[in-house]
Amino acid sequence: MAETNESVNNQTDEQQTEAESVEQTEETANTEEATTSEQTEDTEDTASETNEDNQNDDLQDENEQEDVDPKDEEIQQLKDEVKENEEKYLKLYAEFDNYKRRIQKENQTMKTYQAQSVLTDILPTIDNIERALQIEGDTEQFNSLQKGVQMVYDSLLKALKDNGLEVIETEGQQFDPNFHQAVMQDDNSEYESGQITQELQKGYKLKERVLRPSMVKVNQ
């Protein structure tokens, strides 16, 4: 009989324990459900606030656009056009200034070397006159003729020099391929190596432009 009562008591205790466990499980579930519900409400509140802020921003932008005065827009447009036209003008002015400078430089160069073709054509005549002056004679008639040729030569050379013709220096100078044309070599101890020992034909230049290089003999 005692064993039966003890067994009944044990079953009762187990049932109470299971009931308590079920109650704890239900409380935990209720707590989690409440927490989830609160988080959902917070999320919905945040989304609602965000939507309201966006709507407020849109309304503010619309109000700002409505507040813009058409005259202000027209003034700003005119300012932009003035700025664009000013930039175009400055660019065009710079291009014209460069063009003017280039034309002036070309005209100056043309003016400086305008006599080049004439001077180049007359150089052989000068050579012939110089050769004629090297001829020797004893008669009075020859001397008078030679004197007249010399006067013509001096007058012609002066006129050419006044127009920019210059004789290229040679004897005693170092050979310069920009101004001299070596046609012979020499072996002279009185001169340094590369030094011009004799001029075979005169060379001429107009300002800084060579019309004809000098033909020379150069020491080894």
So, [X] and [Y], do they make that salt bridge, N to O below 4.0 Å?
X    : Y    : result
D162 : K158 : yes
K202 : E130 : yes
R212 : D127 : yes

Under the rule for side chain to side chain contact (heavy atoms under 4.5 Å, CB included), what residues qualify as partners of E95, not counting sequence neighbours? K91, L92

With a 3.5 Å cut-off and no angle check, do the side chains of R131 and N128 form a donor-acceptor pair? yes

Compare every heavy atom of Q174 with every heavy atom of S193, then report the nearest pair and how far apart it is.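 Of all heavy-atom pairs spanning S193 and Q174, the closest is O-NE2, 3.7 Å.
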
Looking only at heavy atoms, the pair that brings T120 and L211 closest together is OG1-CD2, 3.8 Å

In terms of heavy-atom contacts, does [atom1] of [X] have more than 12 from other residues, nucleotides or ligands at under 6.0 Å?
X    : atom1 : value
Q220 : CD    : yes
E106 : CD    : yes
E74  : CD    : no

Has the side chain of D186 got a donor or acceptor atom that lies under 3.5 Å from a matching backbone atom of T197? no

To the closest 0.5 Å, what do you measure between OG1 (T170) and CD (Q195)?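 So the gap between those two atoms works out to 11.0 Å.
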
